[in-house]
Structures are given as C-alpha cells and as structure tokens.
2 protein chains.
Amino acid sequence: MEHFKISKTKIIPKGTLLLSYGDICSYGYKVESGCLKSYVIDSVGKEHILQFAPEGWIIADLDGFTNKKPSQIFIDSIEESTVSFISKFNYEDLNDLDKKALVDMNTKYRNNLIATHKRIIGLLSATAKQRYIDFTETYPTLVQRLPLKFIASYIGITPEYLSDIRRKIAKK
Amino acid sequence: MEHFKISKTKIIPKGTLLLSYGDICSYGYKVESGCLKSYVIDSVGKEHILQFAPEGWIIADLDGFTNKKPSQIFIDSIEESTVSFISKFNYEDLNDLDKKALVDMNTKYRNNLIATHKRIIGLLSATAKQRYIDFTETYPTLVQRLPLKFIASYIGITPEYLSDIRRKIAKK
DNA sequence: AATAAAAATTAAGGTACCTTAAGAAATAAG
DNA sequence: CTTATTTCTTAAGGTACCTTAATTTTTATT
C-alpha cells in the first residue's frame, strides 16, 4: 500500500513542530510510532485540533500540499514519534501511479471523507457531552493516551467544560 | 468526466424526497438543473443540512452507497430539478474504471475533502456571524437562491438567530 | 386579486458553553 | 526524593446562541 516516494524515517521528539502556518508544505507525514496532531490557531490564539495521527496514519496539509499554497495549519508531535516523510503527493504524480495504487488511494480518500462527514454531523447536531461520548467510543485507544485538553479541543470545547461533563457523567 | 453508469435524467418536483433514513442507497444523484440537499434529523426532530447540490454537483450518501448500509441521511429537492441517477459507485467497480477516470475521481474526492476540512475549521473556531459571512463569500450564488433557514441549518444555527445576525450586520 | 402557505423577523427568557482565576493532582525533570 | 511543569478540576460570573411564540413579509395557490 505504498505509492509515494518515502524518505528514510526520522525520530521526532515530543513537542516538535513539523509544519507551521505559512510554511510551504513539502511533505506528508506517515506515523510509524507515536502520535502527531494537526491544528489551526484562531484569532484569539486558541488551538483547534483537526486530526490526530497515531501509528499507521498519514497527516498533511492536503490543500497546501496539493496546490502548493502556504500552509493554513500546524502539525506537531504529541509524543516522541517515528515518522516517514512523503513527498510529491501532487496532481501530476497521480498520473504516474498504477491502477491499483489509484484504487487504493480512492478508497482512502473516500473513507476519510465518510469519517469527516460524520464529524460534521456531530458538530451540527450533538451536544458537547454526546460528542465526548462518541469520541471515547470511536477512538478508545486514543482516550487512554491523549491529554484530555486535546480531546476537548478536537470536539470543540474548552478543557474546563470537558471537566464538568466528565464529573456529571461520573456522578450517575 | 463521466465514469459511471448514468440512467436517463428525470424531472423532480420541488420538495420531493429522493432518499430517506433507513433506505438502501442505490443511487447517487447528479444535478443537471435545480438544487438538492442532504440532511440528518436529530433526536428532537431538527434538520441539519450536510450539503447543497446545485447544478453540476453530485450528491449521495457516500457511506451507504459504498458500503451497502441503510442510509443515515435524507436527500430531497429544494427546487424543481433535473437529476441523473448514478448507479454502481461501489468498490468493485473502481477496478473497471480506466486510469484517467480514477485520477479524476481522486481529484474530486481530494477537493471535496479539502472543502470539508475547511467547514470543520469554521465550526470549531468561528462564531456564527463569521460562518454566515464566510458562507455568503464562498457561495454567493446560493445565497441568492436559498431560503435563509436552509443557510442557518447549514452553518449550524437557528433561523431566528441568523435573523439577529443579519440585523446587526445591516445596522452598521 | 384574494387567500393560503411558507419564510423571515422580533422579542423575552433560558441554557449550553466560555472566561477567568485559583488550587489540586499528575507527570516530568533535576 | 524533591522541585518544577503540565494537566485537571472547581467555581463564579458572563456571553453566544436557543426556545417559544407572536407578528410581518414574502411566496405560492386558487
């Protein structure tokens, strides 16, 4: 299932910034071990997490990478991680891939799109409490590993309010 | 750019339900004229719009269509529309497509994913007022055509609150 | 044109979630 | 083991956005 040019892997210490706002995004990152996250920073300096990438996942600024735009997002490491660098993920190269690779890639995009749509449904229609419960059910292993403040950011609430929610759940 | 089996087009009157919750989703819908929308209905009966599909757009329950699951969503017509029915959008058939078709499809998925990520960023980090302004800038032609209550639903607020927002914007 | 139906507005009161700030608990570092 | 740092919790007060309900405006129907 490897269709791209992948450079040798690197060990990334915890807390390392791999991609910053405004950077030209030359790489996607394939996580072999550890965990990365992507996020935006809003006008008042608050961080909003777009994606977690534990082992096996690929993370990138898809828009910047594809269209050679400066990045709108940040990517850093939540844990010490082993990461492969994927280059040349752009449109021209799609034509160089063989059919099997294209079909696999299609399937990955499609599954990602389905998951992303589900997240939108949650943000539009569920309460913060329900989104937290959904997160724990969808990503039980991440819940073990990640600081709660990152989960709060991912589901779109403050750590303080997540703390309230957890207290109320525990009291039942 | 047509890669799928497309049946003859049909004229769909305004307000017609094309796909309902629980249905097996056998088709994607390609809109030739008019406009469709997809939406979910939450536990208190409130409608949340996932997508608008004006002319040129394709709309479907991607998860149900791909994985032959009962639909989680609804699709209906906002205006009288001319619609082509796309069948056999599933995995097996991807292998029957030629390379050009696969590359095109990849590009469509990728662009859709980029747009969907932007929507998530907005829902996580922007106020309702900002999301409304962003919508009017991103889809100026839709703003002309659509009832405001549908735009409110798409950006995740009530029609009443959108009305407040618009009044405040107008007062300046 | 008249009537009905749908969409939009307005306003009052309510709730989910946020901000700030401080302290407690857990984890990391010396 | 001790201290520093990060994470988590708690609480009080505030704001963005919601609910309900009534009214007006716009659009559709006969």
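All values derive from a computational prediction rather than experimental measurement. Naming: A, B, ... by sequence-line order, numbering from 1 per chain. Because only heavy atoms are used, hydrogens play no part in the values below, and waters and symmetry mates are left out as well, while side chains stay in.
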Quick one: side-chain hydrogen bond (donor to acceptor under 3.5 Å, both in side chains) partners of B/His117, sequence neighbours excluded?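 By the side-chain hydrogen bond (donor to acceptor under 3.5 Å, both in side chains) rule, B/His117 matches no residue at all.
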Sorted by chain and number, sequence neighbours left out, side-chain hydrogen bond (donor to acceptor under 3.5 Å, both in side chains) with A/Asp63 holds for A/Asn67, A/Lys69, B/Lys118
Please list, by residue number, the residues of residues 154-162 of chain B whose heavy atoms come closer than 4.0 Å to an atom of DNA chain D; answer none if no residue qualifies. B/Gly156, B/Ile157, B/Thr158, B/Glu160, B/Tyr161
So which of residues 132-145 of chain B are in contact with DNA chain D, with a heavy-atom cut-off of under 4.0 Å?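 Under 4.0 Å from DNA chain D: no residue of residues 132-145 of chain B.
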Counting only side-chain N and O atoms of A/Arg167, is one of them less than 4.0 Å from OP1 or OP2 of D/dA11?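 Yes, because at least one side-chain N or O of A/Arg167 sits under 4.0 Å from OP1 or OP2 of D/dA11.
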Under 4.0 Å from OP1 or OP2 of D/dC8: is there any side-chain N or O of A/Arg166 that close?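 It does not, given that no N or O in the side chain of A/Arg166 lies less than 4.0 Å from OP1 or OP2 of D/dC8.
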Checking the side chain of [X] only, and the main-chain atoms of [Y] only, is there a donor and an acceptor separated by less than 3.5 Å?
X	Y	answer
B/Lys68	B/Ser26	no
A/Asp42	A/Lys46	yes
B/Ser77	B/Thr16	yes
B/Ser81	B/Cys35	yes

Does the side chain of A/Thr107 come under 3.5 Å of the side chain of A/Asn111 through a donor N or O and an acceptor N or O?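 Checked: A/Thr107/A/Asn111 side chains show no N/O donor-acceptor pair below 3.5 Å.
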For a quick check, with a 4.0 angstrom heavy-atom cut-off, what is the B/S/- contact string for nucleotides 24-30 of chain D, read 5' to 3'? ----S--
Can you list every salt bridge (charged side-chain N to carboxylate O under 4.0 Å, His left out) pair that touches residues 143-157 of chain A, not counting sequence neighbours?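 Passing the test, one end in residues 143-157 of chain A: A/Glu55-A/Arg145, A/Glu79-A/Arg145.
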Flag side-chain contact, heavy atom, 4.5 Å: [X] against [Y]:
X	Y	value
A/Leu18	A/Asp76	no
A/Ile73	A/Leu19	yes
B/Tyr29	B/Ile86	no
B/Lys108	B/Asn112	no
A/Val31	A/Pro54	no
B/Glu80	B/Ile12	no

Under 6.0 Å from the six-membered ring centre of B/Phe85 and within 45° of its axis: does the NZ or CZ of B/Lys10 meet both?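 B/Lys10 over B/Phe85 ring: yes.
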Which side-chain N or O atoms in residues 151-160 of chain A pair as donor and acceptor under 3.5 Å with protein atoms at least two apart or in another chain?
unit_1: A/Ser153; atom_1: OG; unit_2: A/Glu47; atom_2: O; d: 3.2
unit_1: A/Ser153; atom_1: OG; unit_2: A/Ile49; atom_2: N; d: 2.9
unit_1: A/Thr158; atom_1: OG1; unit_2: A/Tyr161; atom_2: N; d: 3.2

Once you round it to whole Å, what is the distance between [atom2] of [N] and [atom1] of [X]?
X	N	atom1	atom2	value
A/Leu148	D/dT6	CG	P	17 Å
A/Lys149	D/dT7	NZ	C1'	7 Å
A/Asp164	D/dT9	CG	P	10 Å

Contacting residues from residues 38-55 of chain A, given that a heavy atom lies under 4.0 angstrom of DNA chain C: A/Lys46
Would you grab the first and last nucleotide of DNA chain C (5' to 3') that comes under 4.0 Å of any non-hydrogen atom in chain B?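 Boundary nucleotides touching chain B, in 5' to 3' order, are C/dA7 to C/dA11.
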Can you give me the bend angle of the helix from C/dA1-D/dT30 to C/dG30-D/dC1? Use the axis through the first five pairs and the one through the last five, nearest 10 degrees. 60°
Any side chain to side chain donor-acceptor pair (under 3.5 Å) involving residues 131-140 of chain A? Give me the pairs, sequence neighbours left out, ordered by first then second residue.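 Every side chain to side chain donor-acceptor pair (under 3.5 Å) pair that includes a residue of residues 131-140 of chain A, provided the two are not neighbours, is A/Gln130-A/Asp134, A/Tyr132-A/Arg166.
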Please list, chain by chain and in numerical order, all residues satisfying ring-ring contact (aromatic ring centres under 6.0 Å, His included) with A/Tyr39, sequence neighbours excluded. A/Phe74
